[in-house]
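Sequence positions, counted from 1, serve as the residue numbers for this chain. For the numbers below, each heavy atom of this structure counts, side chains included, while hydrogens, waters and symmetry mates do not.
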Amino acid sequence: DFDCWKRWWPCAGDTEKRICIFEDHLNTDWEGARIVWPAGLVLARMFEVHSGLQQELQGKTVVELGAGCALLSMTCAMQGAAKVYATEHPNMVKWVARNVRANPH
């Protein structure tokens with residue numbers, strides 16, 4: 001029931017792991033929440049290239065407010081955060097859940 005684009009995001013420090021992201025560039029009825037915002041891409045890239053940030057996540061609890069496609073939440077989880085909470089508007093919960101289910105690692 002999703003009409004969307006699928007793309008892969010490399011996981012920091014591990015060429016074998018990638019994050020699958022489903023986006024909908026055609027349906028932005030919730031202020032564009034169905035796309036990965038440029039700031040999210042920049043932050044995910046920072047976790048990829050700065051080992052100090054990766055170390056900071058180890059064992060921590062992370063809360064992402066307005067997760068959208070949940071790229072940052074999944075990046076933090078794959079970098080060793082102990083718990084990650086992705087929050088989003090109730091109308092978007094199915095969208096976030098779809099992306100999380102697509103990334104069981």
Distance from Arg98 atom CZ to Asn103 atom CG, nearest 0.5 Å? 11.0 Å

Report the distance from atom CZ of Phe47 to atom CD of Gln79, rounding to the nearest 0.5 Å. 8.0 Å

Report yes or no: does [X] contribute a side-chain atom to a donor-acceptor pair with the main-chain N or O of [Y] at less than 3.5 Å?
X     : Y     : value
Gln58 : Gln54 : yes
His89 : Asn91 : yes
Glu88 : Val93 : no

Quick check on the hydrophobic clustering: are Val63 and Leu43 connected, directly or via other members, by side-chain heavy-atom contacts under 4.5 Å?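 No, Val63 does not connect to Leu43 through the hydrophobic network.
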
Hydrophobic cluster identity match, Tyr85 and Leu65, side-chain contacts under 4.5 Å: yes

Side-chain touch Trp95/Cys69, heavy atoms, less than 4.5 angstrom: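 Trp95 reaches Cys69 side chain to side chain.
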
Any chance you could lay out the side chain to side chain contact (heavy atoms under 4.5 Å, CB included) test for Ile21 and Met74, step after step, and finish with the verdict? CA-CA 10 Å; Ile21 296 292; Met74 291 184 287; 3.4 Å; yes

Which pairs pass side-chain hydrogen bond (donor to acceptor under 3.5 Å, both in side chains) with one or both residues in residues 61-71, sequence neighbours excluded?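 Sorted pair list: Glu64-Ser73.
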
Mind listing the closest non-hydrogen atom pair of Ala81 and Val62 along with its distance? CB-CG2, 3.9 Å

Scanning both residues in full, the closest heavy-atom pair of Gly40 with Leu72 reads O-CD2, 3.6 Å

Residues two or more places apart in sequence or in another chain: which of them pass side chain to side chain contact (heavy atoms under 4.5 Å, CB included) with Leu41?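 Counting only residues at least two positions away or on another chain, Leu41 forms a side chain to side chain contact (heavy atoms under 4.5 Å, CB included) with Arg7, Trp9, Val36, Leu71.
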
Does a sphere of radius 6.0 Å around NZ in Lys60 hold more than 12 heavy atoms from other residues, nucleotides or ligands, not counting ones at 6.0 Å or beyond?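 Yes.
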
